[in-house]
Amino acid sequence: MVAESEPGDLIKVLHLLVLSFSWGMQVWVSFIAGFALVWQVTLHTFGLVQSKLFPVYFYCLLGCNVVSLAVYAVYHPRELLDTHESLQMALYLVALVMTALNAQWFGPAVTEVMLQMREVETEHGLGNQIGLKSQKEAYAKLREQDPKYRAHRRRFGRYHGLSSLCNLLGVICTTVNLIYTALNLSTI
């Protein structure tokens with residue numbers, strides 16, 4: 001049975017490269033790129049960049065998670081899993097589900113609401129400033145005066161929060177799997 005055999009060197013390298021690629025991509029997109037960009041471009045440009053970047057990010061990550069889970073599942077049959085391997089398998093599955101939620105639901109919802117907010121902000125001369133703190137009072141005033149904008153902000157906050165939570169859980173799962181893999185390189 002193939003599942004009980006030892007994976008070849010090429011499969012081990014593929015598994016490690018895909019896992020490393022997905023972790024690096026998650027760290028870069030989640031913690032570095034956004035923070036660097038938000039201080040360099042206008043808020044509307046930042047939103048537009050994210051609306052184009054995130055679908056690619058989520059689908060690349062989804063592909064990596066599918067490959068990682070598939071390779072791990074083929075060479076670690078369910079009947080033979082110990083506690084650590086079961087946890088690792090569950091982490092691969094959770095990472096896959098979180099990324100799928102972001103790719104199919106939360107990411108598009110955040111983009112849709114962001115574009116609706118952008119229309120209202122443009123009507124009021126907002127969004128062309130650089131940095132998060134710029135014109136803070138003007139945004140607060142807009143929220144107070146425009147119930148439609150206030151509703152958009154609430155929806156944006158809800159979807160963005162859920163998307164961020166899914167992404168953070170995926171980063172944690174991938175990090176733990178990378179640590180497990182590094183500590184058990186001979187048993188990939």
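Nothing fancy with the numbering, it's 1 onward along the sequence. Just so you know, these numbers come straight off a predicted model, no measurement behind them.
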Q) Do you reckon Phe31 sits in the same ILVMFWY cluster as Met25, going by side-chain contacts under 4.5 Å, direct or chained? A) yes
Q: Using the side chain to side chain contact (heavy atoms under 4.5 Å, CB included) rule, take Gln145 and His124 through it: C-alpha gap first, then chi angles, then the decisive distance, then the call.
A: CA-CA 11 Å; Gln145 293 177 345; His124 290 87; 5.6 Å; no
Q: Test His76 against Leu80 for side chain to side chain contact (heavy atoms under 4.5 Å, CB included), laying out the working first.
A: CA-CA 7 Å; His76 295 84; Leu80 303 176; over 6 Å; no
**Q.** Check against side chain to side chain contact (heavy atoms under 4.5 Å, CB included), Val113 and Gln116
**A.** CA-CA 5 Å; Val113 177; Gln116 293 168 348; 4.3 Å; yes
Q) Is there a path from Leu168 to Val27 through hydrophobic residues (I, L, V, M, F, W, Y) whose side chains come within less than 4.5 Å of each other? A) yes
(Q) Under a 3.5 Å threshold, yes or no: a donor from one side chain and an acceptor from the other, between Gln129 and Tyr139? (A) yes
Q: Determine yes or no for a side-chain-to-main-chain donor-acceptor pair under 3.5 angstrom, with Arg143 supplying the side chain and Arg150 the backbone.
A: no
Q) Considering only heavy atoms from C-beta outward, does the side chain of Leu48 approach that of Arg118 to under 4.5 Å? A) yes
Q: Please report the shortest heavy-atom distance between Ser51 and Met114, naming the atom on each side.
A: CB-CE, 3.8 Å
Q. Is there a donor-acceptor pair under 3.5 Å between the side chain of Ser164 and the backbone N or O of His160?
A. yes
Q.
Before you tell me yes or no, could you show the steps for Glu123 and Tyr149 under side chain to side chain donor-acceptor pair (under 3.5 Å), namely the whole-Å CA-CA distance, both residues' side-chain angles and the distance that decides it to 0.1 Å?
A. CA-CA 11 Å; Glu123 290 172 8; Tyr149 183 74; over 6 Å; no
**Q.** Given Val97, Leu19, Thr174, the one that forms side-chain contact (heavy atoms from CB on, under 4.5 Å) with Tyr92
**A.** Leu19
Q. If only atom types and distance count, is the side chain of Glu85 paired as donor or acceptor with the main-chain N or O of Asp82 below 3.5 Å?
A. yes
Q: Give me the ring orientation class for Tyr57 and Phe54: parallel if the planes are under 30° apart, tilted from 30 to 60°, perpendicular past 60°.
A: tilted
(Q) Would you compute the distance between atom CD of Gln104 and atom OG1 of Thr99 and round it to the nearest 0.5 angstrom? (A) 11.5 Å
Q: Indicate yes or no: at least one non-hydrogen side-chain atom of Val41 is less than 4.5 angstrom from one of Ile130.
A: no
(Q) Grouping I, L, V, M, F, W and Y whenever their side-chain heavy atoms are under 4.5 Å apart, do Leu87 and Ile179 come out in a common cluster? (A) no
Q. Does the side chain of Thr45 reach to within under 4.5 Å of the side chain of Thr42, using non-hydrogen atoms?
A. yes
Q) CD of Glu119 to NE2 of His44: how many Å apart, nearest 0.5 Å? A) 10.0 Å
Q | Closest contact, heavy atoms only, Asn65 versus Ala95 | A | ND2-O, 3.3 Å
**Q.** Shared hydrophobic cluster, Phe21 / Leu10 (ILVMFWY, side-chain heavy atoms < 4.5 Å)
**A.** no
Q: Considering non-hydrogen atoms only, spot the tightest contact between Asn167 and Phe58 and give its length.
A: OD1-CE2, 4.4 Å
Q: Following the transitive rule for hydrophobic clusters with a side-chain heavy-atom cut-off under 4.5 Å over Ile, Leu, Val, Met, Phe, Trp and Tyr, establish whether Val171 and Leu69 coincide in one cluster.
A: yes
(Q) side chain to side chain contact (heavy atoms under 4.5 Å, CB included), that's the test. Do Val120 and Leu142 meet it? Break it down for me. (A) CA-CA 9 Å; Val120 176; Leu142 180 57; 4.2 Å; yes
Q: Could you identify which residues cluster with Val13, counting Ile, Leu, Val, Met, Phe, Trp and Tyr as linked when any side-chain heavy atoms lie under 4.5 Å apart, either directly or through a chain of such contacts?
A: Leu17
Q) Between OH of Tyr72 and CE of Met89, what distance do you get to the nearest 0.5 Å? A) 6.0 Å
Q) Does the pair Thr83 and Ser86 meet the rule for a side chain to side chain donor-acceptor pair (under 3.5 Å), with working shown? A) CA-CA 5 Å; Thr83 305; Ser86 296; over 6 Å; no
Q.
Which heavy atom of Cys173 sits nearest to which heavy atom of Leu91, and what is that distance?
A. CB-O, 3.5 Å
Q: Could you grab the distance from atom OG of Ser68 to atom CH2 of Trp23, nearest 0.5 Å is fine?
A: 14.5 Å
Q. Is a side-chain donor or acceptor of Thr181 paired with a backbone partner of Asn177 at a separation under 3.5 angstrom?
A. yes
Q. How are the rings of Tyr180 and His84 set relative to one another: parallel (under 30°), tilted (30 to 60°) or perpendicular (over 60°)?
A. perpendicular
Q) Roughly how far apart are Leu126 CG and Gln135 CD, rounded to 0.5 Å? A) 5.5 Å
Q.
Nearest 0.5 Å, please: how far is OG1 in Thr122 from CG in Asn128?
A. 6.5 Å
Q. In terms of the angle between their ring planes, are Tyr159 and Phe106 parallel, tilted or perpendicular, with boundaries placed at 30° and 60°?
A. tilted
